[in-house]
Student: 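Pasting in a structure now, in structure tokens, and then I'll have a few things to ask.
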Amino acid sequence: MYRAAKLVRELLPGDHELGDPLSTAGDKPSHLLARRVAETTPTRPLVRELGLGALQLWQALSEAQGRGRGDAEVAILFTDLVDFSDWALEVGDEAALELLRKVGIEEEAAICGREGEVVKRMGDGLMAVFKDPASAVAAAHEACYRVGALEVRGYRPRMRAGVHVGRPRRLGGDYLGVDVNIAARVAAAASADEVLVSGPACERLDEDAFELRRRRRFKAKGAPKEMEVYSVERPMKPASG
């Protein structure tokens with residue numbers, strides 16, 4: 001019976017590996033339930049497979065109805081602070097933490113104000129996803145503006161950002177795949193106060209709303225050799241709040 005249940009899970013739509021630590025790391029109801037089932041039924045493999053199979057099917061149906069990401073295209077934004085590590089080494093943890101908390105507040109306001117979702121924070125940077133690249137770019141510009149207005153102990157941070165579009169795989173509360181790696185590489189290539197976008201993201205932007213300037217040189221491990229990147233500017237006022 002256990003083998004039959006395992007085979008059925010492989011035939012069902014969705015993630016047939018649902019239940020491992022990677023796929024249950026999020027805080028959505030399906031992740032919490034899957035984690036509970038996996039943790040409470042290790043000695044009852046048949047019950048475990050039946051329970052996770054039902055959750056797998058529920059999750060797949062939710063994604064198909066637009067309540068999940070699944071294979072949908074998203075705009076991926078990465079940000080980080082330029083030269084933050086050197087400053088943090090000089091001033092110590094207390095000042096660094098004070099700055100990161102302020103940066104987090106400003107970045108989240110810009111991202112949530114554009115209907116984005118913060119996926120994870122990574123030291124002085126973060127990853128977020130949006131329904132479209134225009135929203136991601138606008139949020140990145142606003143975040144740069146907000147963060148640039150901060151000051152902690154005489155230090156003014158400067159942020160950089162990168163945007164790419166693709167169809168990353170969502171596991172738990174995270175996104176994985178080549179498109180995520182590309183977005184991170186694009187962000188790493190940006191200069192202070194700059195927002196870079198990949199060629200695929202650029203193709204989906206309104207040229208009348210954004211000023212685009214092609215970067216002639218872009219080489220990054222993990223990114224397609226033929227991929228182009230563009231520096232994008234947009235005169236704007238920060239959203240209120």
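It should be emphasised that the depicted structure is a prediction, and the values quoted were computed from it without experimental measurement.
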Student: For residues Ala136 and Val163, report the shortest heavy-atom separation together with the two atoms involved.
Tutor: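 Heavy-atom minimum between the residues: CB-CG1, 3.9 Å.
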Student: Within the distance-only criterion (no hydrogens, no angle test), does the side chain of His164 pair as donor or acceptor with the backbone N or O of Arg185 below 3.5 angstrom?
Tutor: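 A pair under 3.5 Å: no.
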Student: Indicate, with yes or no, if Val147 and Val82 share a hydrophobic cluster defined by side-chain heavy-atom contacts under 4.5 Å among Ile, Leu, Val, Met, Phe, Trp and Tyr.
Tutor: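 Different clusters.
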Student: To the closest 0.5 Å, what do you measure between CD (Glu194) and NE2 (His141)?
Tutor: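 That separation rounds to 9.5 Å.
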Student: To the nearest 0.5 Å, how far apart are CG in Leu150 and CD in Glu106?
Tutor: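 Answer rounded to 0.5 Å: 5.0 Å.
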Student: Could you report the tightest heavy-atom contact between Ala187 and Gly162, atom names first, then the distance?
Tutor: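 Smallest heavy-atom distance, with atoms named: CB-N, 3.4 Å.
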Student: Among the clusters formed by ILVMFWY side chains lying less than 4.5 Å apart, do Phe84 and Tyr145 turn up in the same one?
Tutor: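 No, Phe84 does not connect to Tyr145 through the hydrophobic network.
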Student: Taking Arg114 for its side chain and Phe130 for its backbone only, find out whether a donor-acceptor pair lies under 3.5 Å.
Tutor: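 It does not hold such a pair.
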Student: Between Leu212 and Cys202, what is the shortest heavy-atom contact and its length?
Tutor: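 Closest heavy-atom pair between Leu212 and Cys202: CD1-SG, 3.4 Å.
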Student: Considering all heavy atoms of both residues, which atom of Ser191 and which atom of Arg215 are nearest to each other, and what is their separation?
Tutor: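 Distance-wise, the nearest heavy atoms are OG-NH2, 3.6 Å.
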Student: So if you build clusters from Ile, Leu, Val, Met, Phe, Trp, Tyr with side-chain heavy-atom gaps below 4.5 Å, do Val229 and Val178 land together?
Tutor: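 In one cluster with Val229: Val178, yes.
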Student: Is Glu98 salt-bridged to Lys102, going by a charged N under 4.0 Å from an acidic O?
Tutor: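 Result for this pair is yes, salt bridge flagged.
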Student: Dump the intermediate steps for salt bridge (Lys or Arg N to Asp or Glu O under 4.0 Å) on Glu151 and Arg156, then the final yes or no.
Tutor: CA-CA 5 Å; Glu151 183 176 348; Arg156 287 188 175 275; 3.4 Å; yes
Student: Any chance you could measure Ile182, atom CD1, to Met227, atom CE, to the nearest 0.5 Å?
Tutor: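 So the CD1 of Ile182 and the CE of Met227 are separated by 5.5 Å.
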Student: side-chain contact (heavy atoms from CB on, under 4.5 Å) with Ile76: which of Pro168, Pro133, Ser198?
Tutor: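 It is Pro168, the one option of Pro168, Pro133, Ser198 that forms the side-chain contact (heavy atoms from CB on, under 4.5 Å) with Ile76.
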Student: Is the number of heavy atoms from other residues, nucleotides or ligands under 6.0 Å of Asp206 CG greater than 12?
Tutor: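 Atom CG in Asp206 is packed in, count exceeds 12.
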Student: If you group Ile, Leu, Val, Met, Phe, Trp and Tyr by side-chain heavy-atom gaps below 4.5 Å, do Leu81 and Leu97 land in one group?
Tutor: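 Leu81 and Leu97: separate clusters.
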Student: Answer yes if Leu77 and Phe210 sit in the same cluster of Ile, Leu, Val, Met, Phe, Trp and Tyr residues linked by side chain heavy atoms under 4.5 Å apart, and no otherwise.
Tutor: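 Yes, it is one cluster - the side chains of Leu77 and Phe210 are joined through contacts under 4.5 Å.
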Student: Search all heavy atoms of Pro157 against all heavy atoms of Leu99 and return the closest pair with its distance.
Tutor: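 So the minimum-distance heavy-atom pair works out to CG-CD1, 3.8 Å.
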Student: Output yes when Asp174 and Lys120 qualify as a salt bridge under the 4.0 Å nitrogen-oxygen rule, no when they do not.
Tutor: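 Yes, Asp174 and Lys120 are salt-bridged.
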Student: Once you round to the nearest 0.5 Å, how far does CD of Glu107 lie from SG of Cys144?
Tutor: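 Reported value, rounded in 0.5 Å steps: 8.5 Å.
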Student: Of all the heavy-atom pairs spanning Ala190 and Ala161, show the shortest one and how long it is.
Tutor: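 Looking at all heavy atoms of both residues, the closest pair is CB-O, 3.6 Å.
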Student: With a 3.5 Å cut-off and no angle check, do the side chains of Arg214 and Tyr230 form a donor-acceptor pair?
Tutor: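 Looking only at side-chain atoms, Tyr230 and Arg214 do not form any donor-acceptor pair under 3.5 Å.
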Student: Atom CE in Met159, atom CG in Asp193: separation rounded to 0.5 Å?
Tutor: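 Reported to 0.5 Å precision, the distance equals 8.5 Å.
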Student: Under 4.0 Å between a Lys/Arg side-chain N and an Asp/Glu carboxylate O for Glu90 and Arg153?
Tutor: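 A salt bridge is absent here (no side-chain N lies under 4.0 Å from a carboxylate O).
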Student: Can you tell me how far apart CD (Glu207) and CG (Leu205) are? Round to the nearest 0.5 Å.
Tutor: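 Interatomic distance, Glu207 CD to Leu205 CG, rounded to 0.5 Å: 9.0 Å.
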Student: Test Asp179 against Val74 for side-chain contact (heavy atoms from CB on, under 4.5 Å), laying out the working first.
Tutor: CA-CA 10 Å; Asp179 288 316; Val74 294; over 6 Å; no
Student: Stepwise, does the side-chain contact (heavy atoms from CB on, under 4.5 Å) test hold for Ile111 with Leu126?
Tutor: CA-CA 11 Å; Ile111 291 168; Leu126 62 73; 3.7 Å; yes
Student: Would you please test Asp124 and Leu100 for side-chain contact (heavy atoms from CB on, under 4.5 Å) and show each step?
Tutor: CA-CA 6 Å; Asp124 61 310; Leu100 290 178; 3.8 Å; yes
